[in-house]
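Remarks on the structure that follows.
One-based numbering along the sequence shown.
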Amino acid sequence: MAEYGASWLKDLRSSQFVTAYHRGVEAGNLPFFRNAESLLDPVVTMEGEPRLMLGSPNYLGLASHPRVVAGAKAAVDRYGTSLTGSRILNGTTALHRELEEELADWLGVEETLLFTTGFQTNIGTISALVGVGDTVVSDSFAHASMLDGVGLSRAKLRGFRHNRMDLFVDSVRRARADGGRILVILDGLYSMEGDLPPLDEMLDICRENDAAVMLDEAHSLGVLGEQGTGAAEVFGVQDRIDIRMGALSKALAGVGGFIAGSRELINYLQVTARSFVFTTVGVPAALGGSLEAVRIRRSEEGAQLAEELRRNSRFLRTELKGLGLPMGPDSDLPERTTPIIPVILGDDDLAMEWWRQLYDRGVFTGVALYPGVPPTGAMLRICPMATHTRAQLERALEVFAEVQKVMRRKAGTP
C-alpha cells in the first residue's frame with residue numbers, strides 16, 4: 001500500500017467524529033455502511049438476516065411500489081442508463097419537462113427546476129442568490145447542504161438557536177442593519193429532531209424586514225398537508241414562501257431535488273446555479289420512478305398512505321414515550337405528526353451500543369452522531385413507513401423494551 005507523505009493526513013483520526021467511528025469499528029457497533037440485500041420494504045434482508053426497517057425516509061413505502069418500479073424501468077428502456085451531460089447541453093429530456101410540470105402543478109407554483117441531488121439543489125440555489133455584502137439567517141439545525149451553500153456564497157451567516165423565536169427576531173433585525181439582501185433559510189421538517197418551525201410567526205418578521213425565505217421541504221414533501229405538499233401547506237403559507245425546495249429522495253422514492261417558485265427565479269437559477277449548470281443530470285430511472293411516485297401521492301391511494309403514515313408515527317411515538325425513553329419534541333396537533341422520531345441518548349458510544357443491541361434483535365434504526373448532531377446530541381432516528389403493519393411496530397416496541405432492560409443492567413440502574 002502506498003505511503004503518503006503529508007503529515008496532516010496522518011492525524012485525521014484525532015477528530016471527535018472519526019475517533020467515535022473507530023471506537024465503533026473496534027467494538028463491533030458501527031451502524032454505518034451495512035449491506036442491504038433486498039427491496040426497501042418494511043422488512044429488509046440485511047447481512048443475511050431479516051430486519052424491521054425503522055431507519056429509512058421511504059415514508060410512504062413507494063420505493064418498492066410496482067408502479068414506481070415500472071416507471072423507473074420504462075425510463076431506462078427509453079433513455080438508457082445515463083444521459084452523460086448537464087441539462088443545458090445534452091441532458092434535458094421530455095421526462096424532465098414532464099416531472100417539472102407535474103411538480104409545479106402539485107405545488108401550485110409557476111415553475112420548478114430539477115437538480116441531480118437534494119444537496120446540490122441547496123448549495124447551488126443559495127450560492128446563486130446571495131453573496132458578499134448579503135446576510136443569511138439560519139436556524140442552527142438547518143441541513144448541512146444549506147449551511148454549505150452559505151459558505152460557498154461568502155455571504156454573512158447569522159444563526160439562531162433552534163426554533164427560538166426571540167433569537168430569530170434578533171438575528172433578522174441585525175441582518176437588516178448589516179445592509180444588503182437578507183435570505184432566511186429554514187427546514188419545513190427538521191431531519192433529525194422531527195419538528196417544524198413556527199412558520200407563520202417567522203414569515204411575519206421576514207415581511208417586516210424585507211427578507212426572502214427559502215424553505216427546505218425535503219422531509220415534509222409528500223408527508224405533511226392534506227395535498228402532501230409540505231409544511232407550508234400545513235401552516236397555510238404557500239403563497240408567502242419565496243423559494244421552496246423539495247427532494248425526490250425521501251417520500252418520492254427517487255434521487256434528486258428541485259426548486260419551486262416564480263418563473264423569474266427558475267430562469268435565473270438555470271444559468272447561475274453552478275451545481276445545476278456543471279453537473280450531469282440524474283439517471284433516467286430515478287426521474288421515471290419519481291414521476292410515478294408524485295402521481296401516486298396525488299391520488300386517493302397516496303392520501304391513504306399518508307394517513308397510514310400518520311397513524312403509525314403517532315402510535316410508535318406514543319408507545320416509545322411510554323417506555324420512558326428520552327424523546328425529542330412532539331406536537332399535539334394531528335396534522336403536524338411527523339414520521340421522524342428521535343430517541344436522544346446524548347453520547348456517541350451509547351447510541352452505537354443501543355443501535356447494535358437493536359440490530360442483533362432484528363430492528364434497524366438510523367443513528368445520528370456528531371457532527372450530524374451537536375456533540376452531546378447523539379440519537380437514534382426512528383422512521384416508520386406507511387406500509388408497516390401494527391404487528392411489526394408492536395414487535396419493534398418489544399425489542400426496544402428488551403434493549404432498554406439490557407442497557408439499564410449495563411449501566412447499573414434499575
Side-chain angles (χ1 to χ4, degrees), residues 41-44 51-61 141 162-163 187-198 219-220 222-226 228 230-231 233-235 250-251 302-346 350-351 354-355 357-359 361-368 373 377-408 413-414:
D41 281 327
V43 177
V44 174
R51 322 271 179 184
L52 271 170
M53 174 51 70
L54 287 174
S56 168
N58 179 28
Y59 299 124
L60 301 177
F141 287 178
H162 179 55
N163 275 352
D187 284 34
L189 170 56
Y190 285 92
S191 61
M192 296 297 174
E193 297 70 29
D195 59 351
L196 284 65
H219 286 268
S220 44
V223 170
L224 297 179
E226 185 176 346
E233 181 187 347
V234 169
F235 285 91
K250 318 300 183 203
Q304 292 173 359
L305 286 170
E307 183 56 34
E308 286 298 322
L309 177 64
R310 280 190 284 273
R311 289 196 192 103
N312 285 346
S313 300
R314 175 60 61 186
F315 171 74
L316 197 56
R317 182 185 288 272
T318 300
E319 295 301 313
L320 287 170
K321 189 175 182 180
L323 292 175
L325 294 174
M327 309 291 293
D330 190 15
S331 171
D332 294 329
L333 300 175
E335 66 270 20
R336 298 185 189 180
T337 296
T338 80
I340 299 173
I341 305 171
V343 175
I344 302 172
L345 300 168
L350 181 61
W354 261 89
W355 174 86
Q357 294 286 342
L358 292 165
Y359 186 77
R361 290 166 173 80
V363 174
F364 183 93
T365 69
V367 182
V373 291
M379 67 172 70
L380 303 176
R381 186 178 73 164
I382 301 159
C383 299
M385 302 180 204
T387 46
H388 278 117
T389 66
R390 181 58 59 91
Q392 288 169 337
L393 297 181
E394 288 173 346
R395 174 55 189 155
L397 289 164
E398 290 173 1
V399 172
F400 269 92
E402 291 171 15
V403 172
Q404 185 181 42
K405 291 177 182 177
V406 170
M407 298 303 289
R408 282 176 173 171
T413 57

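- Remark: F235 pairs with no residue by the ring pair (Phe, Tyr, Trp, His ring centres under 6.0 Å) rule, at least two apart or across chains.
- Considering V343, I341, I382 in turn, V343 is the only one that fulfils the side-chain contact (heavy atoms from CB on, under 4.5 Å) rule with L325.
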>> Pair V406, R361 - check side chain to side chain contact (heavy atoms under 4.5 Å, CB included), show working.
In response: CA-CA 12 Å; V406 170; R361 290 166 173 80; 3.6 Å; yes

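- For the atom pair T365 OG1 and L52 CG, the distance stands at 11.5 Å (nearest 0.5 Å).
- In this structure, the side chain of R317 engages the main chain of I340 through a donor-acceptor pair within 3.5 Å.
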What side-chain donor-acceptor pairs closer than 3.5 Å can you find for residues 392-403, not counting sequence neighbours?
from : atom 1 : to   : atom 2 : distance (Å)
Q392 : OE1    : T389 : N      : 2.9
Q392 : OE1    : T389 : OG1    : 3.4
R395 : NH1    : E398 : OE1    : 3.1

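- Within the model, atoms CG of L316 and CZ of R390 stand 9.5 Å from one another, a figure rounded to the nearest 0.5 Å.
- Nearest heavy-atom pair, L358 versus L380, reported as atom, atom and distance to 0.1 Å: CD1-CD1, 3.7 Å.
- Annotation: side chain of N163 is in contact with side chain of P198 (closest heavy-atom distance under 4.5 Å).
- Side-chain contact between W354 and L345 is present, with heavy atoms from C-beta onward closer than 4.5 Å.
- By the side chain to side chain contact (heavy atoms under 4.5 Å, CB included) test, P339 is found to be paired with Y59, L189, V223, L309, S313, residues two or more places apart in sequence or in another chain being considered.
- For the atom pair SG (C383) and CG (N312), the distance works out to 12.5 Å, reported to the nearest 0.5 Å.
- Scored by the side chain to side chain contact (heavy atoms under 4.5 Å, CB included) test, S191 finds H143, H219, R381 as partners (sequence neighbours excluded).
- Listed for the Q404 side chain is a donor-acceptor partner under 3.5 Å among the backbone atoms of L323.
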> R310 and E307: side chain to side chain contact (heavy atoms under 4.5 Å, CB included), yes or no, with the steps?
Replying inline: CA-CA 5 Å; R310 280 190 284 273; E307 183 56 34; 3.3 Å; yes

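- Although no hydrogens or angles enter the test, the distance criterion places a donor-acceptor pair under 3.5 Å between the side chain of E233 and the main chain of E226.
- When all heavy atoms of G222 and A251 are compared, the pair lying nearest together is CA-CB, 4.3 Å.
- Between Y190 and H162, the angle of the ring planes goes over 60°, which puts this pair in the perpendicular group of the 30/60° scheme.
- With sequence neighbours left out, the side chain to side chain contact (heavy atoms under 4.5 Å, CB included) criterion links V373 to M192, A368, M379.
- Partners of E308 according to the salt bridge (charged side-chain N to carboxylate O under 4.0 Å, His left out) rule, which considers only residues two or more places apart in sequence or in another chain, are R311.
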